[in-house]
Amino acid sequence: MSVYDWLDKRLDLRPGLAKMLDHPVPTWVNWLYCFGGITFFFFVLQAITGIFLMLYYVPSPDHAYESVQYITNTVHFGKIIRGMHHWTATLIVVTVVIHMLRVFWHGAYKAPRELNWVAGVCLFLLTMGFGFTGYLLPWDQKAYWATAVGTNIAGSVPVVGSFLLKLARGGTDLGAVTLVRFFDVHVALLPLFMVIFLAGHFFMIRRQGISRPY
Ligand code: HEM
């Protein structure tokens, strides 16, 4: 008896799994429909490589740069794990944009899928948020000045600008609090919202099925 049979006998897994997995793929679905799934695969990869990076990364101005150098040059497989996290972050932006264009091209944002388009827009903004907050973490010159410019842009928003700038930086200047804030948003807040919105996105896809191209 397999482990699966043993568990199934006790937990009656078969009907639930069948409901989830025995789903015919519509005949009009082609390779263009793969980009949502590829984006999801990349997110899983980011979560796994990110957890490994967190074992050595230190979010403080005194240690962030050195800890990233240590990961890259000393830790076993560190260079590969960091490289995967870096390049997948770039590829995600490419695949999510192709996915969005596919949905738009096929008119899949129309009724009854408007709400899923809105959820998708939130997923897109979260993806950009990961990129922006992750960029600061190596705490090198490029990271520091890119974040100085990015937060200055937020600061130039009429009326609420100075509030947004202080919120992002944790004060008027870029420093230790900024780094901790960006780290916290990158590894806790954004992943939490990502999981919530992905769950909603997938729930709606299963309830509504994949659209026929208009
Ligand atoms: C984190 C990013 C995202 C992931 C992982 C994701 C994942 C998926 C997956 C797996 C599907 C099934 C069909 C397919 O892949 O084409 C899908 C469908 C859909 N996605 Fe996304 N998506 C993301 C972002 C977006 C964005 C940015 C939009 C639009 C602004 C969007 C709007 C939709 C809509 C409307 C559907 C239904 C399409 C249909 O029924 O033909 N998604 N998504």
Side-chain angles (χ1 to χ4, degrees), residues 13 16-54 57 81-137 146-147 150 153-154 157 164 168 181-214:
L13 297 174
L17 275 178
K19 206 169 161 222
M20 222 157 61
L21 300 175
D22 293 350
H23 209 69
V25 176
T27 48
W28 64 84
V29 166
N30 58 33
W31 61 271
L32 282 173
Y33 291 72
C34 294
F35 285 96
I38 294 171
T39 309
F40 179 62
F41 170 74
F42 283 160
F43 266 110
V44 174
L45 210 59
Q46 287 303 76
I48 295 168
T49 50
I51 287 168
F52 279 114
L53 289 174
M54 256 202 301
Y57 178 74
I81 298 286
R82 185 180 171 212
M84 282 171 76
H85 202 75
H86 175 91
W87 285 107
T88 308
T90 308
L91 284 173
I92 274 184
V93 178
V94 176
T95 57
V96 82
V97 168
I98 297 176
H99 171 59
M100 209 159 88
L101 289 175
R102 195 291 291 170
V103 169
F104 185 73
W105 177 252
H106 284 151
Y109 56 86
K110 295 179 190 172
R113 294 182 180 77
E114 312 94 314
L115 209 57
N116 216 7
W117 175 266
V118 173
V121 171
C122 295
L123 286 171
F124 180 76
L125 294 176
L126 289 171
T127 309
M128 297 297 118
F130 271 112
F132 182 59
T133 52
Y135 205 79
L136 177 68
L137 303 184
T147 306
I153 292 173
V157 173
L164 289 179
R181 257 177 211 208
F182 273 55
F183 180 69
D184 178 44
V185 172
H186 192 76
V187 306
L189 202 66
L190 290 175
L192 176 70
F193 280 107
M194 197 74 194
V195 168
I196 293 171
F197 276 95
L198 277 178
H201 203 54
F202 293 154
F203 173 76
M204 284 187 264
I205 293 164
R206 286 310 295 261
R207 296 298 289 177
Q208 302 174 327
I210 291 293
S211 68
R212 250 176 204 284
Y214 279 82

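Along the sequence shown, residues are numbered consecutively beginning with 1. Just so you know, ligand 1 is whichever comes first in the structure, and atom 1 is the first atom listed for that ligand.
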Q. In Å, rounded to the nearest 0.5 Å, how long is the span from CD1 of I210 to CD of Q208?
A. 9.5 Å
**Q.** For the student: nearest non-hydrogen atoms of P191 and V185, plus distance
**A.** CD-O, 3.8 Å
Q) Where is the nearest protein heavy atom to atom 28 (C) of ligand 1: which residue, which atom, and how far? A) G120 CA, 3.3 Å
(Q) When you measure from the heavy atoms of F197 to every atom of ligand 1, does any distance fall below 4.0 Å? (A) no
Q: Can you sort out which atoms of ligand 1 are near F40, meaning under 4.0 Å from one of its heavy atoms?
A: 5 (C)
Q: Could you list the atoms of ligand 1 found under 4.0 angstrom from a heavy atom of V96?
A: 2 (C), 24 (C)
Q | Shortest protein contact, atom 3 (C) of ligand 1 (heavy atom only) | A | L123 CD1, 3.9 Å
Q.
For the backbone of F104 and the side chain of W117, can you confirm whether one donor and one acceptor N or O come within less than 3.5 Å of each other?
A. no
(Q) Side chain, backbone, both or neither: which applies to L32 and ligand 1 if a contact is any heavy-atom pair less than 4.0 Å apart? (A) neither
Q) Can you tell me how far the CZ atom of F182 sits from the CG atom of L189, to the nearest 0.5 Å? A) 12.5 Å
Q. Counting only heavy atoms, which portion of V121 has something under 4.0 Å from ligand 1: side chain, backbone, both, or neither?
A. both
Q. Of all heavy-atom pairs between F42 and L91, which one has the smallest distance, and what is that distance?
A. CE1-CB, 3.8 Å
Q | Enumerated ligand 1 atoms positioned under 4.0 Å from heavy atoms of A108 | A | 35 (C), 38 (C), 39 (C), 41 (O)
Q: Pick whichever of R113, K110, H201 has a heavy atom sitting closest to atom 20 (N) of ligand 1.
A: H201
Q | Closest to atom 38 (C) of ligand 1 (judged by heavy-atom distance), picking from H106, R102, R206 | A | R102
Q: For the pair H186 and F130, name the ring-plane relationship: parallel under 30°, tilted 30 to 60°, perpendicular over 60°.
A: perpendicular
**Q.** Contact check, F202 vs ligand 1, heavy-atom distance below 4.0 Å
**A.** yes
Q: Mark up the atoms of ligand 1 that fall under 4.0 Å of a heavy atom belonging to G209, in ascending order.
A: 40 (O)
Q: Give the residue and atom name of whichever protein heavy atom lies nearest to atom 14 (C) of ligand 1, and the separation in Å to one decimal.
A: Y33 O, 3.2 Å
**Q.** F124 neighbourhood, listing ligand 1 atoms whose heavy-atom distance to it stays under 4.0 Å
**A.** 27 (C)
Q.
Show me the pairs that pass side chain to side chain donor-acceptor pair (under 3.5 Å) and involve residues 86-100, at least two apart or across chains.
A. T39-T95
Q: Check each atom of ligand 1 against the heavy atoms of M194 and keep those under 4.0 Å away; list them by number with element.
A: 1 (C)
Q.
Suppose we measure from atom 24 (C) of ligand 1 to each protein heavy atom; which comes out shortest, and what is that distance?
A. H99 CD2, 3.6 Å
Q: Among F193, F197, F43, find the residue that satisfies the side-chain contact (heavy atoms from CB on, under 4.5 Å) test when tested with L123.
A: F197
Q: Between L126 and ligand 1, find which residue part has any heavy-atom pair under 4.0 Å and reply side chain, backbone, both or neither.
A: neither
Q | Per atom 12 (C) of ligand 1, closest listed option by heavy atom (V29, L101, I205, T39) | A | I205
(Q) At less than 4.0 angstrom from any non-hydrogen atom of G37, what atoms of ligand 1 do you find? (A) 10 (C), 15 (O)
Q) How close does the nearest protein non-hydrogen atom get to atom 35 (C) of ligand 1, and which residue and atom is it? A) V103 CG1, 3.4 Å
Q: Taking only heavy atoms of I210 into account, list the atoms of ligand 1 that are under 4.0 Å away from them.
A: 12 (C), 13 (C), 40 (O), 41 (O)
Q. At a non-hydrogen distance cut-off of under 4.0 Å, which region of Q208 contacts ligand 1 (side chain, backbone, both, or neither)?
A. neither
Q) Is it true that a side-chain atom of E114 and a backbone atom of Y109 form a donor plus acceptor pair closer than 3.5 Å? A) no
Q: May I ask which of P213, S211, P26, C122 has a heavy atom nearer to atom 41 (O) of ligand 1 than the others do?
A: S211
Q) Can you tell me how far the CD atom of Q46 sits from the CE atom of M194, to the nearest 0.5 Å? A) 10.5 Å
